[in-house]
Amino acid sequence: MASGTVPGAVSSAKPTPHHVIKTVSIKELASNNGALPVVEEKMGEAVVDENAGVDPTWSRPVTPDGLKAAWLGYAARIESSNSRLHSILINHIPTIQKENIVYLELIHAMQETEVQREKPALFKHLKISLKNARLALEIAFKKEENVQAKVFTASDKYKVMKEKNPALAELSRLFDLDIE
């Protein structure tokens, strides 16, 4: 035993592709008098190096059409394995800025989390497809124009309804209704 280690201590190291994660069945645990049978083994997720297979001298200019084709190609590739990211990618097509900056506008921070999680594999695909090793990602958030402020009071609701249908003001006056 190495010095400074405690017997039975659990390592807090994150699993690498070489660690095996074992799962057990509670039913089998109970039937085997507490023995820990292995039901299945799963390998931990491997980390993708976005520069693996990329020639660092690649610097072909990126066209908007080329970027869109490579982007949608990656989206199609992951459609069955990651439908959430697939939806994000097909609904938010990036633009190219300053030669090598892939500029992506998203609406929500949760979308950014999904894209950042997949970024190494996505950018490996883009760099190889576009033959440009210098690509970088820039994410910005855009506000949705169609989002209306919520109305809570009766007078606020009346104002919104009156904007949608001006005849409502005439009805209120005709029947002498006091909304406010």
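Bear in mind that the values here come from a model prediction, so they are computed numbers and not experimental data. Along the sequence shown, the residues carry numbers beginning at 1.
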If we only count heavy atoms from C-beta on, is the [X] to [Y] side-chain gap below 4.5 Å?
X	Y	value
Leu171	Leu177	no
Ile90	Glu79	no
Leu106	Lys142	no
Ile139	Gln116	yes
Trp58	Ile128	yes

Spacing of CE belonging to Met110 relative to CD belonging to Glu114, to within rounding of 0.5 Å | 7.5 Å
Please round to the nearest 0.5 Å and tell me the distance separating atom NZ of Lys159 and atom OG1 of Thr153.
-> 7.5 Å
Same apolar cluster (I L V M F W Y, side chains within < 4.5 Å links), [X]/[Y]:
X	Y	answer
Phe123	Leu130	yes
Val54	Val62	no
Leu126	Ile78	yes
Leu137	Leu135	yes
Leu67	Leu72	yes

Shortest non-hydrogen separation from [X] to [Y] and the atoms involved:
X	Y	answer
Ser172	Tyr158	OG-OH, 3.2 Å
Leu168	Met161	CD2-CB, 3.6 Å
His86	Ala76	CD2-N, 4.2 Å

Expected list for residues 91-99: side-chain donor-acceptor pairs under 3.5 angstrom, two or more places apart:
| residue | atom | partner | partner atom | Å |
| --- | --- | --- | --- | --- |
| Asn91 | ND2 | Ser87 | O | 2.8 |
| Asn91 | ND2 | Ser87 | OG | 3.3 |
| His92 | ND1 | Glu105 | O | 3.2 |
| His92 | NE2 | Gln111 | NE2 | 3.4 |

Worked check of side-chain contact (heavy atoms from CB on, under 4.5 Å) between Glu138 and Val102 = CA-CA 6 Å; Glu138 182 178 317; Val102 176; over 6 Å; no
Taking atom types as modelled, find out whether Thr63 and Asp65 have a side-chain donor-acceptor pair closer than 3.5 angstrom.
->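 No pair is found: no donor N or O on one side chain lies under 3.5 Å from an acceptor on the other.
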So, Ser129 and Tyr74: side-chain donor and acceptor under 3.5 Å apart, yes or no?
-> no
Crowding at CZ, Arg77 (>12 non-hydrogen neighbours, <6.0 Å) =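 Count over threshold, so yes.
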Short side-chain to backbone donor-acceptor contact, His125 and Ala70, under 3.5 Å |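 A pair under 3.5 Å: yes.
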Would you confirm whether Trp71, through its side chain, and Leu89, through its main-chain N or O, come within 3.5 Å as a donor-acceptor pair?
-> yes
